[in-house]
Protein chains: 2
Amino acid sequence: MVDIITRDLSHPSARAIFQAARELHPSISLSTVYSTLAMLKALHLVKELEFEGMDNRYDMDTESHVNLLCTRCGRVVDFDFVPPLQNEVETLTGFTISEGRFEYYGICAPCRS
Amino acid sequence: MVDIITRDLSHPSARAIFQAARELHPSISLSTVYSTLAMLKALHLVKELEFEGMDNRYDMDTESHVNLLCTRCGRVVDFDFVPPLQNEVETLTGFTISEGRFEYYGICAPCRS
DNA sequence: CTCCAACCCGGAATGATTCCGAACTGGAGG
DNA sequence: CCTCCAGTTCGGAATCATTCCGGGTTGGAG
């Protein structure tokens, strides 16, 4: 189960993981998917992404990067980048930052053509 | 109702808006708050923010900026900045970007002391 | 005064996620 | 080989923010 999740780099939803897992373990339940995800989240092996109006998605790449969401087909694409201003933001706002989230919404090339 | 929402710059949740609105209009219902928010969203006068594990928050500043969320007290603070890499991301990924979201999670100064 | 559209109401429905207690499993130790 | 136990999984019920719905109110045009 853990393998099924961590090897799926397509930013799947819980339901998509559930369906994929079913093909290997037909008796698996959605509860198991959620509890495994909770465990992996706690270990910082997956990052939970919330996109407006869609199910949560799970990202196996926990490094800091931008996620691009296609609002037409739901595809999520990673884009590496180092957020440049965390220190500056911390000094100017007084926050101690533990995590960042950077997302763009748009239409991907395949959907546009 | 529209005024109550658009003048509240504290990044309130729907429930918080509801409670504030009740003080002026004791008979107001949560449905009205949600439908007004839906209208304002459609007009791009408010931006809906989703933070992991919390109610959605509503931001009256629809300009592009970073939102800092204090995971202890729920306070949300704005931090102006112009996302530097949208064009670069578009050419490298083929996406046509319509909107960006930039969030940091952390602990605010009052909560830390 | 009448009518209509826009707004509002309460309450029920939705649906992803979480919670719960019971059943299963596989390996450690006898 | 058996027993036991902790960890995993199960299904189904509960949660709860949000959405949906059908009916009531209202205020301004004509």
- Under a 4.0 Å heavy-atom criterion, the protein footprint on nucleotides 8-15 of chain C, written with B, S and -, is SBBB----
- Note on the structure: Note: chain B reaches DNA chain D at heavy-atom distances under 4.0 Å over the stretch, first to last nt, 5' to 3', of D:dA17 to D:dC20
- Message: Checking A:Thr96 now: which residues fulfil side chain to side chain contact (heavy atoms under 4.5 Å, CB included) with it, not counting sequence neighbours?
- Response: A:Glu90, B:Arg112
- Query: Any side-chain donor paired with an acceptor under 3.5 Å for B:His65 and B:Asp80?
  - Reply: no
- Message: Output the rounded distance in Å from CZ (A:Phe18) to P (C:dT17).
- Response: 13 Å
- For B:Glu52, which residues count as a side chain to side chain donor-acceptor pair (under 3.5 Å) partner, sequence neighbours excluded? A:Arg101
- Between A:Phe102 and B:Tyr104, what is the ring plane arrangement, given parallel below 30°, perpendicular above 60°, and tilted in between? perpendicular
- B:Ile5 and B:Thr36: side-chain contact (heavy atoms from CB on, under 4.5 Å), yes or no, with the steps? CA-CA 9 Å; B:Ile5 293 177; B:Thr36 306; 3.7 Å; yes
- Query: So, is A:Tyr34 near the phosphate of C:dT18, with a side-chain N or O under 4.0 Å from OP1 or OP2?
  - Reply: no
- Contacts of B:Arg72 meeting side chain to side chain donor-acceptor pair (under 3.5 Å) (sequence neighbours excluded), chain-then-number -> none
- What's the CG-P distance between A:Leu40 and C:dT17, to the nearest Å? 15 Å
- Other ILVMFWY residues reachable from B:Ile4 by side-chain steps of under 4.5 Å: B:Leu24
- Message: Under 4.5 Å between side-chain heavy atoms, counting indirect links through other Ile/Leu/Val/Met/Phe/Trp/Tyr residues: same cluster for B:Val46 and B:Ile28 or not?
- Response: yes
- Message: Expected output is a numbered-order residue list: members of residues 70-78 of chain A with a heavy atom under 4.0 Å from any atom of DNA chain C. What is it?
- Response: none
- Query: Over its full length, what angle do the end axes of the helix from C:dC1-D:dG30 to C:dG30-D:dC1 make, each axis taken from five pairs and the result rounded to 10 degrees?
  - Reply: 10°
- Message: Expressed as a whole number of angstroms, how long is the span from A:Leu37:CG to C:dA16:P?
- Response: 15 Å
- Mind jotting down which residue pairs meet the salt bridge (charged side-chain N to carboxylate O under 4.0 Å, His left out) criterion with at least one end in residues 29-45 of chain B? Sequence neighbours excluded, please. B:Lys41-B:Glu48
- Query: Where the side chain of A:Arg75 meets the backbone of A:Ser10, is there a donor-acceptor pair that is under 3.5 Å apart?
  - Reply: no
- Taking side chain to side chain contact (heavy atoms under 4.5 Å, CB included) as the test, write out the residues that go with B:Ser29, two or more places apart. B:Ser31, B:Thr32
- Message: For a quick test of reading the model: is some side-chain N or O of A:Asn56 closer than 4.0 Å to OP1 or OP2 of C:dA16?
- Response: no
- Between C:dA16 atom C1' and A:Phe51 atom CZ, what is the distance in whole Å? 17 Å
- Message: Show every ring-ring contact (aromatic ring centres under 6.0 Å, His included) that has at least one partner inside residues 6-39 of chain B, sequence neighbours left out.
- Response: none
- Remaining members of B:Leu69's ILVMFWY cluster at a side-chain heavy-atom cut-off under 4.5 Å? B:Leu49, B:Phe51, B:Met54, B:Val76, B:Tyr105
